[in-house]
Every structure is written in structure tokens, then in C-alpha cells.
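Let me begin by presenting the structure, written as C-alpha cells, before commenting on it.
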Protein chains: 2
Amino acid sequence: MIQNLNKHERESLHEALAKSGQKITPQREIVYTVLLAQRDHPTVDEVYNRALETMPGLSLATVYNCLETFVGCGLVRQVNHERESTRYCPNLAPHAHFRDESTGRVHDIELPKEILDQLTKILPANFETETIEISFQGRTKSSTQN
Amino acid sequence: MIQNLNKHERESLHEALAKSGQKITPQREIVYTVLLAQRDHPTVDEVYNRALETMPGLSLATVYNCLETFVGCGLVRQVNHERESTRYCPNLAPHAHFRDESTGRVHDIELPKEILDQLTKILPANFETETIEISFQGRTKSSTQN
DNA sequence: TTGAGATTTTGAATCATTCTAAACGAGTAA
DNA sequence: TTACTCGTTTAGAATGATTCAAAATCTCAA
């Protein structure tokens, strides 16, 4: 079952929403809770189904809305791979993603600050970056499967 | 108007198709020609409309087919940004993409080999990469607009 | 407690992409 | 030449994730 948000988690949610002038709603709390509970980069549909267990009346559109709101206030990142359904990730530390083609799973890859710095340096001077997305695609060589 | 393929370009097309056991067709030549003629990362629809000028009967499905074929034989790369239409890019040198939010345009950014090397090093040992996608999103600070 | 404005809900609409089945075409064997 | 085979193209239908619209409901500041 899905744990409630702890004090710190609830605070960052409320803070982030307040900062961008949005309201706290049960739906938003639950969707955020679902994201934190299982950090496996779920799709909207997966979030929806997990959230339904706690709030049976919840609608899919609301999940879309909530997630969009979270992305808007920087609480959550979108993960896009090819044309697949968008996935969502509450890991705010700079990181890349590795998508395992055999399982479809997405793994977070910690991203050293130096590399990020170097990356921004390859841009022409007048290019101002807002977001950088780095995604690997490949396979994991079994044995110690992650 | 769209130039024909030069000798070298036609050769790489034929070679790539032959290597993966596929046929040379007028449609494929035209679609490839369109891609080389204007390297602005067109969407399928844009490619389709440009190609129609040369081959009025061409169908959209065929453009999808051709582009998929090219990606399959490594002649062309897909460029995905968020949920937008897939764009296509005949630049085979390793490079990243910068998407200008104000214009929607996508710019190629040359990618130094060292950075690529460093990037593959941050992966766990058993992760085998097939493709890496690096995309920046932001704005260009006018003045010397590119 | 109230009212304004934000949010949620349902179901319809959109739109890029994929699928299907029939027609076509190039190359090969007879 | 003719027939055959297979990959390709075509048109249109189908799919599926996402967005939209309008009405109902809720949140929060006053």
C-alpha cells in the first residue's frame, strides 16, 4: 500500500504549489504520493491506476492535470523516449536516463556536475538553456540484473 | 526547387539500402533528396509536402515508410522533443540538438568526442548503449539570430 | 461563511502514427 | 514474352496518448 507523504515531502509539495499560486487538493497529494512511493518512472496510466487504489473516483484527466502542474512548478520531470508514453520522475538531482530496450525500464544515471558544465560550454554564446535531456538507449548485460 | 542527389549522395543511399537488403525506389530517392536539400529537421508532414512538389502522387504513408527505412539502415536520425512530431536529420556526425522554444527550430550542436566518451563512462559496467540522445531546450538571445 | 477563481470530472475531439488490404513494379524463371 | 514472387506503395481506417470543453465541485482569502 501507498505510504502517506512524510512531513518534509508534504512541505515541498505545498511550498512548490504555493510558490506558483496553485491550490492544494487531495488529488494532487495522492498523485505526488504515488510518484514518490515507487520511483520507476511510471506513465500517466500507471500513476492513474496506482492512485485509483487510494482514491477510486479519480479521473485520468486529473492525473494529466496534476502531473502537468508538478512539471510546471519544478517538482517533477518528464521523461520522453522516442514516441512512447511520457513518464514521470520525481528525482530532481541532475541525472540522465537509460532505457533498457529489452525490459522497457528506465534507470536514473547520476550526472556529474563537470559533464553538465562541459555540455553547456559546447553551445554558441547566445543559446540560453532551460533544460537538458540526456538519454541512453540500449540493453543491460544480464548477470547482475538491476 | 529541389536539387537532385549528387553522385556521392546517391551512392550512400544505394549502398545503405543494398546493405540492408532493400530496394531503390523513386519515392525513397525523393524523400532522401528532400532531407538533404534543407537540413532543418523537418517533420514527416514537412517532408511530405516538400516531396509532393516533385512527385505529386506520393502518399503520406510512404513518407513514413521511407523515413523508417532510412532510420533502420542508419542513414538518418530521429529527433524527438517532448511530445512533438518526430523530426528527421540526415546529419550522421555525432551531435546534440538545441530546440529554440521561441521559434520551434532545432539546431545541430557539434558534440566533441571527449564528451561522448565521458558520458559512456558514467554508466554501470553492464549497460550497453546503442544510442545517446542529448537535447537542449531554451531560447536564443536574439541579436545575431541563427 | 461566502464568493471568486481554480480544479475536477466526463466524454468528446485531436492528431501523429500505425495498420490493413489491395494494387503495383522490378527482377527472375520459364 | 509471360508468369511469378516479393517488396513497396497507396488510401483509408484504426489506434492510442493527450488535450479540450463545459458543467459541477472545491479551496481559500476575506
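Chain A is the first sequence line, chain B the second, and so forth, proteins listed ahead of strands; every chain is numbered from 1. Every heavy atom of this structure was used, including side-chain atoms; hydrogens, water molecules and symmetry mates were not. Please read these numbers as outputs of a predicted model, since none were measured by experiment.
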Gap between atoms CG and C1', on B:Leu58 and C:dG25 respectively (whole Å): 16 Å
D:dC26 OP1/OP2 closer than 4.0 Å to side-chain N/O of A:Gln27: no
Residue whose closest nucleotide on DNA chain C lies nearer the 5' end, A:Met55 versus B:Thr43: A:Met55
A:Thr25 side chain near C:dT8 phosphate (N/O to OP1/OP2, under 4.0 Å): yes
Whole angstrom value for the distance that separates P of D:dA17 from CD of B:Glu82: 18 Å
Which residue lies more 5' along DNA chain C, comparing B:Ile24 with B:Ser85 via nearest heavy atoms: B:Ser85
Plane angle bin for B:His41 and B:His97 - parallel if under 30°, tilted between 30 and 60°, otherwise perpendicular: perpendicular
Short side-chain to backbone donor-acceptor contact, B:Thr103 and B:Arg105, under 3.5 Å: yes
A:Lys23 NZ to D:dC26 C1', straight-line distance once rounded to whole Å: 8 Å
B:Thr62 side chain to B:Leu58 backbone, donor-acceptor under 3.5 Å: no
Sugar-phosphate, base or nothing in reach of B:Asp45, heavy atoms under 4.0 Å: nothing
Whole angstrom value for the distance that separates C1' of D:dT18 from CD of B:Glu84: 14 Å
Backbone N/O of B:His81 and side chain of B:Glu84: donor-acceptor pair under 3.5 Å: no
Sugar-phosphate, base or nothing in reach of B:Gln22, heavy atoms under 4.0 Å: sugar-phosphate
Whole-Å distance separating the OH atom of B:Tyr48 from the C1' atom of D:dT9: 12 Å
Between D:dT19 (C1') and A:Asn65 (CG): distance, integer Å: 9 Å
Touch class at under 4.0 angstrom, heavy-atom based, for A:Ser59 against every strand present: base
Lys/Arg-Asp/Glu bridge criterion (N-O < 4.0 Å) met for B:Lys121, B:Asp117: no
Between C1' of D:dG16 and CZ of B:Arg83, the distance in whole Å: 10 Å
OP1 or OP2 of C:dA16 under 4.0 Å from side-chain N/O of B:Thr86: no
Distance in angstrom units between A:Glu68 CD and C:dA6 P, rounded: 15 Å
Toward the 5' end of DNA chain D, by each residue's nearest nucleotide, B:Cys66 or A:Tyr64: B:Cys66
Candidates D:dC20, C:dT17, D:dT10 - which lies nearest the side chain of B:Leu60: C:dT17
Sugar-phosphate only, base, or nothing, as touched by A:Thr62 at under 4.0 Å among non-hydrogen atoms: base
